[in-house]
Amino acid sequence: MAQEVVNSDEVVLGEEIDHVRLITLNRPRHLNVISSKVVSLLAEYLEKWEKDDKAELVIIKGSGRAFSAGGDLKMFYDGRNSKDSCLEVAYRMYWLGYHIHTYKKTQVALVHGISMGGGASLMVPMKFSVVTEKTVFATPEASIGFHTDCGFSYILSHLPGHLGEFFALTGARLNGKELVAAGLATHFVPLEKLSDLEKRLISLNSGDENAVKAGIEEFAVEVQPDEQSVLNKQSIIDECFSKDTVAEIIKSFEAESTKEGNGWIGPVLKGLKRSSPTGLRITLRSIREGRKQTLPESLKKEFRLTINILRAIISEDVYEGIRALTIDKDNAPKWNPPSLDNVGDEKIDQVFQLFEEDLELQIPEKEEHRWDGKYENSPYASLKVTD
C-alpha cells in the first residue's frame, strides 16, 4: 500500500495509506496540548480527507505518553495582555468540534494516557474511541476559572442523572473502564495490544463500520468499573448535584461527606472548594443550558463564554488559575471575587450575553455548505473587534 507521510517535525502528522488516513498529535514533550497550529492542521486534514473519495477510515492517536492534555494554557496566559490574542484558535477549535461530531468518514481514536478537556474532544465524539488501562479523562476547566468547553457542555449534560454537573464542577477523573461504562468511549483494549490494533485497522484498508467494529473487537475486552468508582455513587451525586446553585451543591455534598462509607467525598469536596467561584458558577449554568441545547447552540455559547472569560469582562480568574497551576506552580490562586457570595447573577449574565449575529461562531446549517463558516471568512479575521 502506498504511504505518504507529511513532515515528521510537524505538531500534527498526517499519513495517507491507501484508504486509511492516520493523524498523530506530535507534541509529546508537551503532552500533545492543542495550539493554534494544531487546530489549523487538524481542520486542514479532516476537510481534505472528508472530500477525498479514496479516504475511508481516519485514525487519530497521540505520540508519547499522552493522547492530549487539552488546550495550551501557556498560550492563553501569554496572550493575557493582548486583546483577543486567542480568539482565532478558540473560533477554529469550536468550529472544528462541530465537524468532528458530524464527520462523514469512519473515525477511530486510539487513546492512551491523558485525554483532558479539549484533547478529549478528539476522542469522545468519534464513531469508535478505544481506551486502555492508562487512559485518564477529566474536564477540570472550572477549577482554574474557565468553563467546560469544546462541546462538553453538551456531551456531559447528556450523561445520566446529574453526572454532567459532577464531572464539570469537580474535574473528577475517569479511567478507561469508567469511560466505557459511561458511554464516553466505545471499547477497552489493553495497552500492550494497542499497536497491534492500529496495524489491524490499517490492514483492513476500509471504512466499513461493521468491519472496523469487528476489527476492534478482536482486541477489546469486557470491563466493568471498580466497586469504588464514582459511577457507583450516582444516587449521592444526583442528590447533591441536582441542587439549584453551586453553594447548595457544596452544602449538600458536605452533609453527605459526614455519613458512613462516604470517605471518597472528602478529597473531591476539597478540590471543589478550592476552585474559582466564578468558574464554578459559569460552568454550572453552561452545563444546564447544554441539556436543552443542540450541539451547534452549545458550541456557539461556549465560544461566547471563552471570549468573554479571556477578555476578563467580569474576572481575571482564568489567568490567575493558569498562573497558579502551570506558571508559578504554587497552587495558591487568589480568586477575585474570592467567594461564591460575591459572584452576582448580573455578572454571570454578562458572560452569557449574545454577540452580534455576524460575530457569533458560524456553524453551517446546510449540508452542501458544511465546511463554510471558517475563521478567515469571519469579521474577526479582517477587523479588530472592539465590542
Side-chain angles (χ1 to χ4, degrees), residues 70-71 73 76 86-87 90-91 93-95 97-98 101 116-121 124-125 137-172 184 237-238 240-250 271-272 275-318 321-322 335 337 340 343-355 359-361 363:
L73 297 183
F76 291 125
C86 293
L87 189 149
Y91 188 105
M93 187 65 187
Y94 301 150
W95 180 87
Y98 171 77
H101 275 263
M116 293 189 178
S121 74
V124 176
F137 163 90
T139 51
E141 295 85 1
S143 67
I144 61 164
F146 201 53
H147 67 106
T148 305
D149 69 333
C150 291
F152 278 102
S153 71
Y154 177 82
I155 295 167
L156 294 184
S157 70
H158 287 78
L159 291 177
H162 294 275
L163 287 174
E165 287 96 330
F166 175 76
F167 291 126
L169 292 174
T170 67
L184 296 171
I237 289 171
D238 286 351
C240 299
F241 286 79
S242 61
K243 299 295 185 277
D244 288 343
T245 67
V246 175
E248 289 171 313
I249 286 170
I250 291 175
L272 192 56
S275 297
S276 158
T278 302
L280 291 174
R281 286 213 54 192
I282 292 170
T283 295
L284 180 61
R285 176 165 162 181
S286 180
I287 290 288
R288 291 191 168 158
E289 286 191 2
R291 203 165 271 138
K292 301 171 185 175
Q293 290 173 325
T294 62
L295 174 65
E297 287 169 343
S298 289
L299 288 167
K300 288 183 176 188
K301 170 200 64 189
E302 290 172 2
F303 174 68
R304 267 178 245 127
L305 296 180
T306 290
I307 300 311
N308 284 330
I309 289 171
L310 293 178
R311 286 175 177 172
I313 67 167
I314 67 166
S315 170
E316 295 186 354
D317 273 8
V318 67
I322 295 172
W335 305 125
L340 289 165
V343 186
D345 290 346
E346 71 286 350
K347 293 288 189 185
I348 301 301
D349 287 342
Q350 287 181 46
V351 186
F352 282 81
Q353 193 71 37
L354 294 173
F355 291 163
L359 298 180
E360 295 279 4
L361 180 68
I363 293 179

Looking at [atom1] of [X] and [atom2] of [Y], how far apart are the two atoms once the value is rounded to the nearest 0.5 Å?
X	Y	atom1	atom2	result
S298	L361	OG	CG	11.5 Å
Q353	L305	CD	CG	11.5 Å
H147	T278	NE2	OG1	13.5 Å
I250	E248	CD1	CD	11.0 Å
I348	S286	CD1	OG	11.0 Å
I309	R311	CD1	CZ	12.5 Å

Side chain to side chain contact (heavy atoms under 4.5 Å, CB included) against [X], all qualifying residues, sequence neighbours excluded:
X	result
T170	F166, A172, F241, V268, L272
P277	D317, W335, L340, V343
S275	S143, L280
F152	A120, S121, V124, F137, T139, T148, I155, L156

What residues, two or more places apart in sequence or in another chain, satisfy side chain to side chain donor-acceptor pair (under 3.5 Å) together with [X]?
X	value
S157	none
E289	R285
S242	none

For the residue pair F352 and N308, establish whether any side-chain heavy-atom pair is separated by less than 4.5 Å. no
Please tell me if the side chains of F355 and I307 come closer than 4.5 Å, counting only heavy atoms from C-beta onward. yes
If you compare all heavy atoms of [X] against all heavy atoms of [Y], which two are closest, and at what distance to 0.1 Å?
X	Y	value
G118	C150	CA-SG, 3.6 Å
G97	L299	C-CD1, 4.3 Å
T306	A90	CG2-CB, 3.9 Å
H162	I237	O-CG2, 3.8 Å
G279	S276	N-OG, 2.9 Å

Sequence neighbours left out, what pairs pass salt bridge (Lys or Arg N to Asp or Glu O under 4.0 Å) with at least one residue falling in residues 147-165? E165-R288, E165-R291
Any salt bridge (Lys or Arg N to Asp or Glu O under 4.0 Å) involving residues 299-308? Give me the pairs, sequence neighbours left out, ordered by first then second residue. R304-E360
Between I249 and L284, is the side-chain contact (heavy atoms from CB on, under 4.5 Å) condition met? List the steps. CA-CA 10 Å; I249 286 170; L284 180 61; 4.1 Å; yes
Is it the case that more than 12 heavy atoms not belonging to E316 sit under 6.0 Å from its CD atom? no
Apply ring-ring contact (aromatic ring centres under 6.0 Å, His included) to F167 and list each qualifying residue two or more places apart in sequence or on a separate chain. none
Run the side-chain contact (heavy atoms from CB on, under 4.5 Å) check on F146 and I282 step by step: do they pass? CA-CA 8 Å; F146 201 53; I282 292 170; over 6 Å; no
Run the side-chain contact (heavy atoms from CB on, under 4.5 Å) check on V318 and F76 step by step: do they pass? CA-CA 9 Å; V318 67; F76 291 125; over 6 Å; no
Residues passing the salt bridge (Lys or Arg N to Asp or Glu O under 4.0 Å) test with D345, sequence neighbours excluded, are R281
